[in-house]
Amino acid sequence: MFLVETGIIAKREVARDMFVISMEAPEIAASVRAGQFVNLGWSRGPLLRRPFSVYRVDGDRIEIVLKAVGEGTAQLLATSLGDRLSCLGPLGHGFGISTGPKSVALISGGLGVAPMPLAAREARSLGIRVSWIHGARSADDLCSETDGDEVVWATDDGSRGFRGTAVAAAPDTDLVLACGPNRMLAAVADRWPDALVAVETYMGCGTGVCLGCAVPLKRGGYDRACKEGPVYRAADVDWASLPSHLHYAVMP
């Protein structure tokens, strides 16, 4: 875990109201794995840091993807190039992709696209064929940046690709990785119990101290999403006890 003082060096829009922010964080860039996240703080920002999955790595740079869905993310998107950030990471337990599977499906809904570029990169480095299935409400909400041997689009209104959910559009593969709203991940668990899913939950400290990110487990008890998660075996989570939708979007 590293604490890096950095500045915003680039910002771009990749879907309607969805932006990617780049920053220099060489220690994090060298060690982060797909599914891990960083906790960001900034001057005059919220009291608590905000968690974001690492989206891409380019040399010493890391990127995050976000929308202005609450006060904190709105403030972050209102920053300018050169503004300073305090970046803590990499945090959490990622997907842990390893040799064995010959094919993987990356299923993302909305902002759940966040950990998928790193997952695609790690899978390809192991010779695994990557199918990326990305879903959103409409074509304008689909992330324009994808990475895979096969890309499948899914939209609720049918404006691009498959009409319906990303889960319904996904092929069967040796390995399934998913990130998106909890109701989507519950559907993933029904179809692929052994899938690895990045759980959406509230988060405070990001380091396992505050216990604000409790994830209910089927076997009983709770895990800390920031420490033991945010990636879990889909069938291990008690989805009925998690809110199907948070009142603001949270990544991871």
Student: Classify the side-chain pair Ser86/Trp42 by whether it contains a donor and acceptor separated by less than 3.5 Å.
Tutor: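 No, Trp42 and Ser86 have no side-chain donor paired with an acceptor closer than 3.5 Å.
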Student: Got a donor-acceptor contact below 3.5 angstrom from the Ser103 side chain to the Asp174 backbone?
Tutor: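 Pair found, side chain donor or acceptor close to backbone of Asp174.
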Student: With a 4.5 Å heavy-atom cut-off, do Val215 and Val237 have their side chains touching?
Tutor: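 Heavy-atom side-chain distance check passes, below 4.5 Å.
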Student: Leu142, Val151: one ILVMFWY side-chain cluster at the under-4.5 Å cut-off?
Tutor: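 Yes.
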Student: Rounded to the nearest 0.5 Å, what separates atom OG1 in Thr79 from atom CD1 in Ile8?
Tutor: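 Answer for the OG1-CD1 pair, Thr79 versus Ile8, is 3.0 Å.
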Student: Between the side chains of Ser22 and Glu63, is a donor N or O closer than 3.5 angstrom to an acceptor N or O?
Tutor: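 Short answer, yes.
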Student: Any chance NZ of Lys11 has more than 12 other-residue heavy atoms, nucleotides or ligands included, within less than 6.0 Å?
Tutor: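 Yes.
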Student: Taking atom types as modelled, is there a side-chain donor on Asp140 or Ser138 under 3.5 Å from an acceptor on the other?
Tutor: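 Checked: Asp140/Ser138 side chains show no N/O donor-acceptor pair below 3.5 Å.
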Student: Measure the spacing between CE of Met23 and CG of Leu85 and express it to the nearest 0.5 Å.
Tutor: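 Result: 5.5 Å between the selected atoms.
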Student: Grouping I, L, V, M, F, W and Y whenever their side-chain heavy atoms are under 4.5 Å apart, do Ile9 and Phe19 come out in a common cluster?
Tutor: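 Each belongs to a different hydrophobic cluster.
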Student: Before accepting this row, confirm whether a basic side-chain N of the pair Glu122/Arg33 lies closer than 4.0 Å to the acidic partner's carboxylate O.
Tutor: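 A salt bridge links Glu122 with Arg33.
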Student: Is the number of heavy atoms from other residues, nucleotides or ligands under 6.0 Å of Glu71 CD greater than 12?
Tutor: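 At most 12 heavy atoms, drawn from other residues, nucleotides or ligands, come within 6.0 Å of this atom.
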Student: Between CE of Met116 and OG1 of Thr146, what distance do you get to the nearest 0.5 Å?
Tutor: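 If I round to the nearest 0.5 Å, the distance is 13.0 Å.
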Student: In terms of side-chain heavy atoms, does Asp149 have a donor or acceptor partner in Trp132 at a distance below 3.5 Å?
Tutor: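 Not at all, the side chains of Asp149 and Trp132 share no donor-acceptor pair under 3.5 Å.
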